[in-house]
Every structure is written in structure tokens, then in C-alpha cells.
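Take a look at the structure set out below.
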Amino acid sequence: MRGTAVSKHPLLDGLNPEQAAAITADLGPTLVLAGPGSGKTNVLTRRIAWLIQEHNLPHHRIMAVTFTNKAAGEMRSRVEKLLGSKLRGLQIGTFHSTCARFLRRDAPILGYRDNWVIYDSDDSQRLIKAIVAELGYAPKENPARRINNRISAAKNEMILPANYQAMSRFDERVARIYAAYQQALQAANAMDFGDLLLNMALLLQRSEERRKDYQDRFLAVLVDEFQDTNTVQYQLVKLLSAPQQFVFVVGDEDQAIYRFRGADYRNLLRFRKDYPQSTVILLEQNYRSTQTILDVAGAIISNNRNRTAKNLHTSRGQGEPIAVHEAYDEQYEADFVLEQVRRLRDSASIAYSDIAVIYRTNAQSRAFEEAFIRARLPYTLLSGFGFYQRREIKDLLAYLRLIYNPDDRVSFERIINTPARAIGKKSLQEFADWITREDLALSDALNLLYYDDFNPLSRTVKRKFREFSQLLSAWRDMAQPGGLGDLFQHIVAQTRYDLHLEKTSQHEDEALDRAQNLSEFYGMLLNADEIGQSLHDFLDERSLYTTADSLEDDDDKVRLSTFHSIKGLEFPAVFITGLEQDNLPHRNAIAEGIEGIEEECRLFYVGITRAEDHLFLSYALQRRPFGGSSINGTSQFLSDLPAHLLDGSPLTLAYLRQARAATAPTQWEPRHPIFERKPKPIAPSANPTIRAQFAAFKAPQKPTLRVGGRATHKQFGDGLVIGIESTGDIASVLFDQSELKKVFAEDLTPLGE
DNA sequence: TTCTCATACTTTTTT
DNA sequence: AGTATGAGAA
Ligand SMILES: Nc1ncnc2c1ncn2[C@@H]1O[C@H](COP(=O)(O)OP(=O)(O)OP(=O)(O)O)[C@@H](O)[C@H]1O
């Protein structure tokens, strides 16, 4: 029966029996555990329609959580299409958007004023940095970024400053900073990303009245990508779905890739434990990929421990083999991708937007961007440094935010002297000291400037701040829905931000570029005006929406993305690039040990399973991060690929075979990557054979002679050992005085570091 | 106080 | 490569 369609009910049309079982399951807790492409999201969508149609739940009493805002929008329109009516009250959003929406109304209960703003990680780090300075800690030993990570982790675990357990000296400082940071956030009337979730959970825990209200409103709660929920999200689901427990979650532990954000795939197990009466449904039919792609994916993921083995199968047929490509460096890798993109379009009539290029780190997008620009092929980035992170945009946003929330300290400090108004360190200090001494809110202080009796500031300082405060109040009066574009024009004109741009740009080009960004931003404000957005709508949306969220599907451009941002999507053709040890798995993940490496393995798995028909894997022998350069061995995951499913140049395939022979299947031992920050200039050989040898890094066979170490040879002198044959008796050495040579290992004497 | 220049530091993934 | 910080001159 499996795999055959049942079609008794229009909502079940074309679904297989397991999918139908999930959709029609009883109202009680239900868990759908299934691999990629098995229709989990599809099932969740239809389940919503089913609840409305068959269980007569009013649509506004259903809440669904998706992983991205874009997925939320798509889910809403699909449900509407299934039911043939608009469903404005249906609550669908990410955890963050949903919480922000609820808190927009309820935050005053927690002591926020209703014009609170959302701080992104950059804002948080600025605030933390200021606090570190105020507490007199050394900025170097207490980097804002690291501290922010600790604080976020605590919030994800619902640990409040008072309960923060300090296990080290560093942690003791973190605990103090965390407490001060929370106070500063409250004073600034701001919430960071973690607060959005934590405050919502606290609200539900602390206010019985609000809890009952939300619980009464939401009869059913549905969550997609449940494997990537963290503690506070899990608690939110639990709190909101009580007491009737009509909770429906879908997930796949093999696709858990947000551990760094506190997510724990064991929430799937926890769900089964917390709801012992829950129905568990497995889906095994894959509708997305060819069998070859599934087999490769399966071979990769089967090395992970602690997982339910899934028996994925497809009716899509075997498909074509997986292409593996070795490139000399990232530019050649990009050229390879370009070449294949053109070929796919010409011979397989695949649109640009049907193609995804996936990499581990955002920095890797650069080589692809440059190549695509050179070749004049259209592309778009799903992740990375976005529009809103540009200096000029952040400045203008800070103006808007301060207008909306005059207590926003981070924005205030950003723009008080941008453009320069002769308010330097000293003036600012005098102002800040006064505020601290009198324990004033920033907004109150800005008002008190007008009353000489109430402030002790020196004449000039007072005058300068007063002028700023006057501007601010004038703008605030203008900040009405429909007038955001005008407001922008006034800000730019009255601060002479245009002149500031010119002054602070190095070249004409840069000034022009930044001015263009500003007009693009202006366009967005006009757009907001058109749809009648208020300032807070606009600010919230831009804090919570990512580049990928606002991308139109029909925009015919190749998608460049990290593994993380590509999750949940599918493409006829997928390129997975940068398959080098230390890149995937990333060196930092390797340092985290087996958990880290298994997560990297899942990243690879997620990437592979995005592909419908065409899958390309590539690695580069050399990369140039940070102006330096590194020579890389191939990813350990490449050795786990079943050889008979691969296609590539004979040399590459031979090399992979060799690599497989040399390493026992997936030892999670970090191999010894060759990583030289600034290696001696290496003359890259054009000879493919030599290049292949160059690539043939092996795990060390003799403890004495180490790949990546230096050794001396009686005839050729000193050199860098870049490879050792699996037999252990022959080594490839890059000699300082000559070139790459293969020599007998016994003629080499290892040198100390 | 502002601007310019040199120097040091970074070095995963995202809401 | 890119940003952030600090010193010194205008
Ligand atoms: N019963 C079905 N018949 C035909 N196609 C289906 C069926 N169910 C799902 N699909 C298709 O399979 C693809 C994958 O579905 P979906 O995105 O819901 O899977 P998923 O399990 O959520 O995947 P992932 O875990 O990778 O995000 C989609 O293109 C969907 O339209």
C-alpha cells in the first residue's frame, strides 16, 4: 500500500497513506518524523486546512510556526488556496516574529514602554561593549561578541541573570555584564532576539491572566522544523498548546543544524516523553530527489550516531551520477560552476532560479559573485552581509529608531555625532555623567535640556545637545504613517547627511555607491508609506526579515547561499562547494569534537537533499582567506561517498578512491590539515598530475613524519611535507630550494615546529 | 574636535 | 580584505 495515493477527501488528494494518516490524526499531540523531501511541510500545511474544515476549528484559533518568514507567507497562501478563502486571523510566523507580535501588545506588563525596539546582534554587541567599559573590564579579555554569545545561550536556556551559574572567572564577569546588560536594555526600552522569546515565555509563566488568554485563543499549535527548536521555544510551544495539547510538530533529526543557537534535536525525543500518548508518524517516500541523490545522502548521514535510520525511497528513478570536481582554487571552482550553469541552461533548459550554489561561510560567496559579474550571469544572495548592515543605512535607521524610541541608547550613541556636530568624547561624557548621576532616562534628559534649573551642563555642551534634541522632536511630530519618506528627506536635509557621505567616502565611486544605497532605502520607505506601515511596523519588519525572506521566487537568478539559509528549499540543480577539510567540516566545528563534526555532516546532508536532479560537489586545493592563503585537504565527508554513484575526471575519482583507502570510513579524528597562514610562495603547477599529487594529502602513517610538518632531505634540503603515500614509504615534499618532489620517507628527517 | 594615517585584529553558521 | 582603534596634526 505504501506510496499509493488515497483520495477520499479533497484535502488528501494525491497523498500517500502515511501522509494522510498524519493529516487526519486525532487532535492530540502528533509528531511527524521524516526525512527530507517527504512532504513534512506539505503535511503541516494540509493539517491546518484539515483542522479548519474537518474539526471546525476557527482559523484564528490556530497558530503555526515556520522556520522563515517566507515559509510562513507561503504556508498561509497555500492554506487559503486549499480552503478557498482569506484567513487573516490565522497566526503563522517564525518564533521571533510571533513573539514580537504578541509582545507588541503585552510588553508593558513586563515593564517595557510600548514603543520598544528590537536590537540585532550588532546593537547588542555595541551595548555590551559600552557596559564592559563602564564596569571597568578590559575589552580585550572580554570581547563583546563572545559575551553576547554567552548571554544569548543563557536566554535560550531561560537562564536569567540571577540564576546564571559562573563556572569560571570569565563566567563571573559574564554574569555581571549580563545583569547590567538587561538593565541597560530595559532602560533603552529594547529587546534583543533572545528577549523576544524569553520575555514571551516569562509573560506566559508570570501572568496567569495573559497565559489563560493565549491558551484560550490558540486551540492548536503546529511547528515545522521542530528539530531546530531550543529550550525556550520548546517551552513556548508547551505553554501555548496547554491545556488541550492539540500540538502537531514535524521534524527530522538529521537536519538539525542550529546547535550554535541553542537548538537541540533531542527536543524530538523530549516531545515523545512529555506527551507519551502522542501519535508518531514516519514518512519514507521522498518526492524530491533521484535515487542516486538519496543514496549519496544516506551514505553520508549513516555515519552519525543517535539517529533513527530512515529508509527513504523515491519513485523518481535512479537519475544521473553525482559530479565531483576538483578545482585549483576558489576562482577555478567558480569557473566550474559557471560553466555548468550555462550547460544546464542550454542542454537541460534549467532556469537560473532553479540553481543553488551552497557554501559553508558567507566569505565564500565572493569568488562566485565576482565570477557571475564577470560572466554577466544573474545571481542573488540568500544570506550574508545585507543591505541593512551598510554604514549609511544603519545610520539612517538609527535616526528612525531614536525618533520612534527616544530611549534607544545604542542608536543615540551612534548618531549623536554622525554627521559630526562637534560632540566628541568629552561632551558626551559630561552628558552621560549627568544622566548617570541623576539616574535619568535618556528621553527625559533630552527634555530637561530646555530647563536650565534642571541641568548642570556647561553652556556649549547644553547648546549642542539642545539643538539635537530639537531636531529629534521636530522629526517625531512628522513620523506619521504615510510620511516616512518625507521624514527621511528631512533627516537627510537637516543633518546634511549627503555632505557627510561625501566627506567620509574615500572615492567618488564610494560616495556614489552609498548615495545609491540611501535612495534605495528611501524607496523602501516610500513603499512602506504606500501600504500604510507605521514606523514601528517598518522597524519590526526590517529587524525580523532576512534577505531570503524578501526574495521573489520568480526572480530568475542563481541562488548563492550558506547551508543554513538553504534549509527547507529545493532546486533542480545544486552545487555544493568548498568540500575541504577545515571548511566542511569547519575547523571550529572540528575543535568542538564529535558533536561539532556530526552537525557539519548534517549540513552536508541538508545541502545534498536540496537537489532534485543534478548535484555537483566541488573542492578547491587552495583558498585565500583574509589576504593570506591556505592549502586544504579534501573534506573527510568526500571519502564516505559511494564511488559507483560518482562522476568526474578520472584523476579526481582516482584520488577520491585513494583517499578512501587511506582512511578508515569516517574516523572522527581530525586529520592533520595543512594550514599555513603564510606559506612560502608555492609555484602552482599547471601539470594536472602534479596537481593531483599536490592534492594527495593523507593521514599520517608514521608518527614521526607529519603532513603539514617540515622535514629535511639529505639531497634537496628543507621542505614542507604535503603528503605521505598510504604505504608510508613515499612522501610528497615541497622543497624550499626547488619544487614539489616525491621522495622516500626514509630519506627525510622531520624537523621540530 | 576632526581628520588622516598607521597598525592590529579578525578567521562559522542566524533570528 | 575589511574594520576598529589609537596617535598625532590641523
Ligand atoms: N504526496 C505527494 N505527491 C507529490 N509530491 C509531493 C507529495 N508530498 C510532497 N510532495 C512534494 O515533495 C517536495 C518536498 O515536500 P516538502 O517540502 O513538504 O518536504 P519536507 O519533508 O518538508 O522537506 P525538507 O525536510 O527537506 O524541508 C515538494 O516539492 C512537495 O510538493
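Reckoned from all heavy atoms, side chains included, excluding hydrogens, waters and symmetry mates. Sequence lines set the chain letters: A, B, ... in the order given, protein chains first and strands last, and positions in each chain run from 1.
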(request) Would you classify A/Arg259 as touching base, sugar-phosphate or nothing, given that sugar-phosphate means primed atoms plus P, OP1 and OP2, and contacts are heavy atoms under 4.0 Å? (result) nothing
(request) Please check the phosphate of C/dG2 (OP1 and OP2 only) for any side-chain N or O of A/Arg366 closer than 4.0 Å. (result) yes
Find every protein N or O atom lying less than 3.5 Å from an N or O atom of nucleotides 12-14 of chain B, and list the pairs.
residue: B/dT12; atom: OP2; partner: A/Asn588; partner atom: ND2; Å: 2.7
residue: B/dT12; atom: O4'; partner: A/His586; partner atom: NE2; Å: 3.3
residue: B/dT12; atom: O2; partner: A/Arg360; partner atom: NH1; Å: 2.7
residue: B/dT12; atom: O2; partner: A/Arg360; partner atom: NH2; Å: 2.3
residue: B/dT12; atom: O4; partner: A/Glu592; partner atom: OE2; Å: 3.0
residue: B/dT13; atom: OP1; partner: A/Asn362; partner atom: N; Å: 2.7
residue: B/dT13; atom: OP1; partner: A/Asn362; partner atom: ND2; Å: 3.0
residue: B/dT13; atom: O4'; partner: A/Arg360; partner atom: NH2; Å: 3.1
residue: B/dT13; atom: O2; partner: A/Arg360; partner atom: NH2; Å: 2.6
residue: B/dT13; atom: O2; partner: A/His564; partner atom: NE2; Å: 3.4
residue: B/dT14; atom: OP1; partner: A/Thr562; partner atom: OG1; Å: 3.2
residue: B/dT14; atom: OP1; partner: A/Ser565; partner atom: OG; Å: 3.4
residue: B/dT14; atom: OP2; partner: A/Asn362; partner atom: ND2; Å: 3.1

(message) Under 4.0 Å, counting only non-hydrogen atoms across every strand here, what does A/Ser427 touch: a base, just sugar-phosphate, or nothing?
(response) sugar-phosphate
(request) Classify the angle between the aromatic ring planes of A/Tyr388 and A/Phe521 as parallel (below 30°), tilted (30 to 60°) or perpendicular (above 60°). (result) perpendicular
(request) Compare all side-chain heavy atoms of A/Leu381 with those of A/Thr547 and state whether any distance is below 4.5 angstrom. (result) no
(request) Please tell me which of A/Gly194 and A/Lys464 maps to the more 5' nucleotide of DNA chain B, matching each residue to the nucleotide holding its nearest heavy atom. (result) A/Lys464
(request) Report which part of the nucleic acid A/Asn417 touches: base, sugar-phosphate, or nothing (heavy-atom distance under 4.0 Å, all strands). (result) sugar-phosphate
(request) Name the nucleic acid region contacted by A/Ile423, choosing base, sugar-phosphate or nothing; use a 4.0 angstrom heavy-atom cut-off, strictly under. (result) sugar-phosphate
(message) Does the plane of the ring in A/Phe431 sit parallel, tilted or perpendicular to the ring in A/Phe465? Use 30° and 60° as the thresholds.
(response) parallel
(message) Is there a side-chain contact between A/Gln186 and A/Gln182 in this structure, where contact means two heavy atoms from C-beta onward sitting under 4.5 Å apart?
(response) no
(message) With a 4.0 Å cutoff (strictly under), does any side-chain N or O of A/Lys140 reach OP1 or OP2 of B/dC9?
(response) yes
(message) Any heavy-atom pair between the side chains of A/Tyr137 and A/Ile131 that's under 4.5 Å?
(response) no
